[in-house]
Visitor: 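First, the structure itself, so that you have it in front of you.
Start at 1 and go down the list; that is how both ligands and their atoms are numbered. Keep in mind the model is a prediction, meaning the values are calculated, not measured.
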Amino acid sequence: MTEETHELVELIEHEQGIVTLRINRPEALNALNANVLEAIHDKAAEIATRKDLSVVIVTGSGRAFVAGADIKAMLEMTSDEAEQFAQLGHRAMNAIAALPVPVIAAINGFALGGGLELALSCDLLYASTKARVGLPEVGLGLIPGFGGTQRLGRLIGYHAARELVFTGGMIKADEALRLGLVLKTFEPEALEEGVMTIAKQIAARGPGAVRCAKRVMEQGRPLNISQALELETRSFQELFDSEEPFEGMRAHLDKRAPEFRK
Ligand code: CAA
């Protein structure tokens with residue numbers, strides 16, 4: 001299978017508006033070259049506007065999630081090209097982060113460098129017990145260039161993030177769990193189903209409410225607490241202009257399952 005004959009990023013449809021975005025360059029452990037980054041960006045943009053979309057799962061094909069930015073490609077770059085490459089990486093990661101629905105990283109194997117940075121662009125991170133994660137860039141004379149210097153510390157705190165960035169070490173899934181880098185680990189053969197169960201649970205909730213919750217939690221981060229609470233109040237109020245909370249609350253009181261519309 002060559003790069004020309006298969007899709008570098010596959011979209012796989014499931015029930016309830018759940019979509020898997022699978023990085024598909026297994027012969028290079030899904031390393032991110034410009035073509036893969038463009039494909040991640042384009043696939044994310046393609047699904048972003050879909051009304052039926054409820055959850056996106058990001059994963060890798062073969063034995064890796066993603067083993068990083070493509071080292072062979074970077075070896076040929078001038079500093080101007082490196083700047084463009086980092087910007088392209090940010091565009092791809094930001095397209096994932098900006099999806100209007102929860103995005104789950106199902107880390108099925110190596111998530112290194114740009115691979116961990118891709119996972120860090122997701123909302124919820126889960127891993128196989130076989131996964132290995134890290135930011136090995138300083139060992140290559142580089143720094144994380146697709147968001148790792150910024151997103152890792154925001155997720156697990158700067159103390160632990162500094163250790164991972166400065167040592168360039170690779171950690172096992174149980175250590176990632178201890179650091180709060182992943183929420184849960186699954187045996188390799190149980191990862192797909194475990195993640196799908198969580199995705200289905202989210203997909204069964206009020207779709208407007210889930211999207212609203214993601215937006216408010218994200219937009220509130222750079223605000224001070226009173227601005228953030230004001231944002232929360234405005235958003236809480238806006239939900240009452242739709243049918244969804246009335247269906248949800250009525251169903252609860254009627255002791256039946258809600259029938260939410262997308
Ligand atoms: N770039 C390009 N090719 C890669 C790659 C990468 N990041 N990672 C793996 N590959 C390729 C290998 O070159 C190899 O290809 P060939 O068969 O053509 O030689 C193939 O994938 C399989 O890899 P290995 O034979 O090395 O597999 P392994 O099981 O022995 O080792 C590994 C697995 C420990 C993950 C090892 O492949 C590795 O260390 N990869 C590099 C990890 C890394 O340093 N990532 C960070 C990149 S820098 C970065 O990401 C910068 C940024 O933030 C923008």
Side-chain angles (χ1 to χ4, degrees), residues 1-6 8-9 22-41 44 58-97 105-122 125 127-156 158 160-176 181-182 188 191:
M1 204 161 46
T2 67
E3 205 164 289
E4 292 74 45
T5 57
H6 67 90
L8 292 171
V9 177
R22 187 163 66 192
I23 316 302
N24 186 31
R25 195 190 171 207
E27 66 281 6
L29 301 188
N30 301 322
L32 304 172
N33 61 17
N35 290 340
V36 180
L37 290 168
E38 294 279 7
I40 293 172
H41 174 275
V58 178
T59 196
S61 64
R63 63 191 174 97
F65 178 75
V66 167
D70 191 315
I71 298 171
K72 291 168 196 162
M74 287 188 294
L75 189 60
E76 309 291 323
M77 287 179 191
T78 64
S79 70
D80 284 348
E81 287 164 347
E83 181 190 24
Q84 287 163 18
F85 189 56
Q87 287 168 342
L88 174 60
H90 286 156
R91 266 208 309 285
M93 305 301 145
N94 289 344
I96 296 292
I107 304 173
N108 54 303
F110 294 110
L112 301 172
L116 180 54
E117 293 168 301
L118 175 63
L120 289 168
S121 310
C122 303
L125 282 64
S128 145
T129 50
K130 283 227 175 105
R132 298 287 179 274
V133 306
L135 292 173
E137 284 89 342
V138 292
L140 300 166
L142 299 170
I143 62 167
F146 294 166
T149 62
Q150 306 306 315
R151 287 196 170 104
L152 184 61
R154 283 169 162 84
L155 183 65
I156 65 170
Y158 273 82
R162 281 189 202 107
E163 186 179 56
L164 278 172
V165 172
F166 296 164
T167 64
M170 196 172 2
I171 60 171
K172 294 184 175 170
D174 58 352
E175 176 67 357
L181 179 46
V182 300
L191 177 68

Visitor: With E163, which residues qualify under side-chain contact (heavy atoms from CB on, under 4.5 Å), at least two apart?
Guide: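 E163 satisfies side-chain contact (heavy atoms from CB on, under 4.5 Å) with T167 once adjacent residues are dropped.
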Visitor: Report all protein residues having a heavy-atom distance below 4.0 Å to some atom of ligand 1; order the list by chain, then number.
Guide: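 Ligand 1 pocket, heavy atoms under 4.0 Å: E27, A28, L29, A31, R63, A67, G68, A69, D70, I71, K72, M74, F110, L112, G113, G114, E117, P136, E137, L140, P144, G145, F146.
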Visitor: Side-chain atoms of residues 61-69: list all donor-acceptor pairs with protein atoms under 3.5 Å, sequence neighbours left out, distances to 0.1 Å.
Guide:
unit_1	atom_1	unit_2	atom_2	d
S61	OG	I23	O	3.2
S61	OG	N24	OD1	2.9

Visitor: To check you understand the geometry: which heavy-atom pair defines the closest contact between A111 and I107, and what is its length?
Guide: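 For A111 and I107, the tightest heavy-atom pair comes out as CB-CG2, 3.7 Å.
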Visitor: Answer yes or no: is there a donor N or O on one side and an acceptor on the other, between the side chain of S121 and the main chain of I96, under 3.5 Å?
Guide: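 No: the side chain of S121 does not pair with the backbone of I96.
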Visitor: Could you tell me which residues satisfy salt bridge (charged side-chain N to carboxylate O under 4.0 Å, His left out) with E175, sequence neighbours excluded, listed by chain and number?
Guide: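 Here the qualifying residues are R178.
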Visitor: Are the side chain of E38 and the backbone of N35 linked by a donor-acceptor contact shorter than 3.5 Å?
Guide: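 Not a single qualifying donor-acceptor pair exists.
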